[in-house]
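Working notes for the structure below.
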Protein chains: 2
Amino acid sequence: MYFKIGEAARRTGLSIYTIRYYDKEKLLSFLKRDKNGQRIFDEDGLLYLGMICCLKDTGMPIKDIRHFIEWSMAGETTIDKRECLLREHKQKILEKIVKMNGQLSQVENKLKMYARQKKSINND
Amino acid sequence: MYFKIGEAARRTGLSIYTIRYYDKEKLLSFLKRDKNGQRIFDEDGLLYLGMICCLKDTGMPIKDIRHFIEWSMAGETTIDKRECLLREHKQKILEKIVKMNGQLSQVENKLKMYARQKKSINND
DNA sequence: ACTTGACCTCCAGTCAACTCCAGGTAGTAG
DNA sequence: CTACTACCTGGAGTTGACTGGAGGTCAAGT
């Protein structure tokens, strides 16, 4: 099954502009074109795009994602590099999750304070 | 105990530039100045600054943080608004954590794929 | 008295990541 | 044949969040 940019946008939640921008930034070098020059997304292409979204959403900058994609395109000899990059990134995600849990508590504490404050106002 | 901007920067991990920028953006309207016009951070000020960092790091845009601070300065009558804003933000944090856990799995799966791939190369 | 360091303001510059526009092509429906 | 829609490129503009430089004040140390 093949898709064009509009469908790829619908499926990933990215805008068409953003997808073209990613292509310009060499994140989508795996894409083929049809005879009119339109981008063709196959199943694999959508999976790659999904991975790109995952990396981006977890805070990886575009130039690092570009390396990851370049290495992926270069074949098996680059598996070690890719693994290393993903391992480090995984660590960062873990740290983010820990940090975010702390921040969640901070917000919850503030909400508890408000609850107490409202109670004491009512008891005036 | 009172602190000046350098110490506030050291304690929060923000740069001095960033703190001044936040002040310009009216995030630090709680700050007093000494007779020479230098910013004075007291314990409360540092707590506020910590809350600002927490909100910012969890993805709240500066203009929303500004509202939160304005309301905080305006007194008890704004508790409901502040509570509402924080409740919605808490929800977003929860969603982020869920999403990030999914993304963590995606990265872990990719790493597992690499492990399998390397094994099969070695068994050639 | 002078230098040094930490602070100040105003304002311009930078950066990442989009976002959009003008002008064009290709395929399809009426 | 024409209108419409979805796509294309190159390049300019926007946004949010800083970051840094020029020029100045003030207090403490030598």
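Numbers restart at 1 for each chain; the letters A, B, ... are given by sequence-line order, proteins then strands. FYI, side chains are in, hydrogens and waters are out, and symmetry mates aren't considered; it's all heavy atoms of this structure.
- When every heavy atom of B/Met100 is checked against every heavy atom of A/Ile93, the shortest pair comes out as CG-CG2, 3.8 Å.
- A salt bridge links A/Arg10 with A/Glu7; the closest basic N to acidic carboxylate O contact falls under 4.0 Å.
- Proximity of residues 32-51 of chain B to DNA chain D (heavy atom under 4.0 angstrom from any strand atom) is restricted to B/Lys35, B/Asn36.
- Of all non-hydrogen atoms in A/Leu49 and A/Phe30, the two that sit nearest each other are N-CZ, 4.3 Å.
- For the helix from C/dA1-D/dT30 to C/dG30-D/dC1, the angle separating the two terminal helix axes comes to 10°, with each axis derived from five pairs and the value rounded to 10°.
- At least one donor-acceptor pair under 3.5 Å links the side chain of B/Asp34 to the backbone N or O of B/Asn36.
- Across every non-hydrogen atom of B/Gly6 and B/Ile16, the tightest pair is CA-CD1, 4.0 Å.
- Annotation: proximity of residues 54-65 of chain B to DNA chain C (heavy atom, distance under 4.0 Å) is found for no residue.
- Taking the centre and axis of the six-membered ring of A/Phe68, the NZ or CZ atom of A/Arg82 falls outside the cone set by 45° and 6.0 Å.
- The shortest distance between side-chain heavy atoms of B/Tyr22 and B/Ile62 falls below 4.5 Å.
- Across B/His89, B/His67, B/Lys92, B/Glu88, a single residue satisfies side chain to side chain contact (heavy atoms under 4.5 Å, CB included) together with B/Met60, and that is B/His89.
- Heavy atoms only, all atoms of each residue included: A/Ile19 and A/Ala8 are closest at CD1-C, 4.0 Å.
- Contact detail for B/Ile5 and B/Phe41: the closest heavy-atom pair is CA-CE1, 3.8 Å.
- Scanning DNA chain D 5' to 3' for nucleotides with an atom closer than 4.0 angstrom to a non-hydrogen atom of chain B gives a first and last hit of D/dA17 to D/dA27.
- Checking side-chain atoms of A/Arg66 against main-chain N and O of A/Glu25 turns up a donor-acceptor pair under 3.5 Å.
- Between the CG atom in B/Leu85 and the OG1 atom in B/Thr78 there is a gap of 11.0 Å [rounded to 0.5 Å].
- At distances below 3.5 Å, not a single donor-acceptor pair connects side-chain atoms of A/Arg33 with backbone N or O atoms of A/Ile40.
- Put simply, OG1 on B/Thr58 and CD on A/Gln106 are 8.5 Å apart, with the number rounded to the nearest 0.5 Å.
- B/Ile69 and B/Leu47 fall into different hydrophobic clusters, where Ile, Leu, Val, Met, Phe, Trp and Tyr are joined by side-chain heavy atoms under 4.5 Å apart, directly or via other members.
- Of the residues in residues 12-29 of chain B, B/Ile16, B/Arg20, B/Lys24 come within less than 4.0 Å of DNA chain C through at least one heavy atom, sorted by number.
- Nucleotides of DNA chain C lying under 4.0 Å from heavy atoms of chain B occupy a range whose first and last members, 5' to 3', are C/dC7 to C/dC11.
- Geometrically, A/Lys110 engages B/Tyr48 in a cation-pi contact, judged by NZ or CZ lying under 6.0 Å from the ring centre and within 45° of the ring axis.
- The minimum heavy-atom distance linking B/Cys54 with A/Val107 is given by the pair SG-CG2, 4.1 Å.
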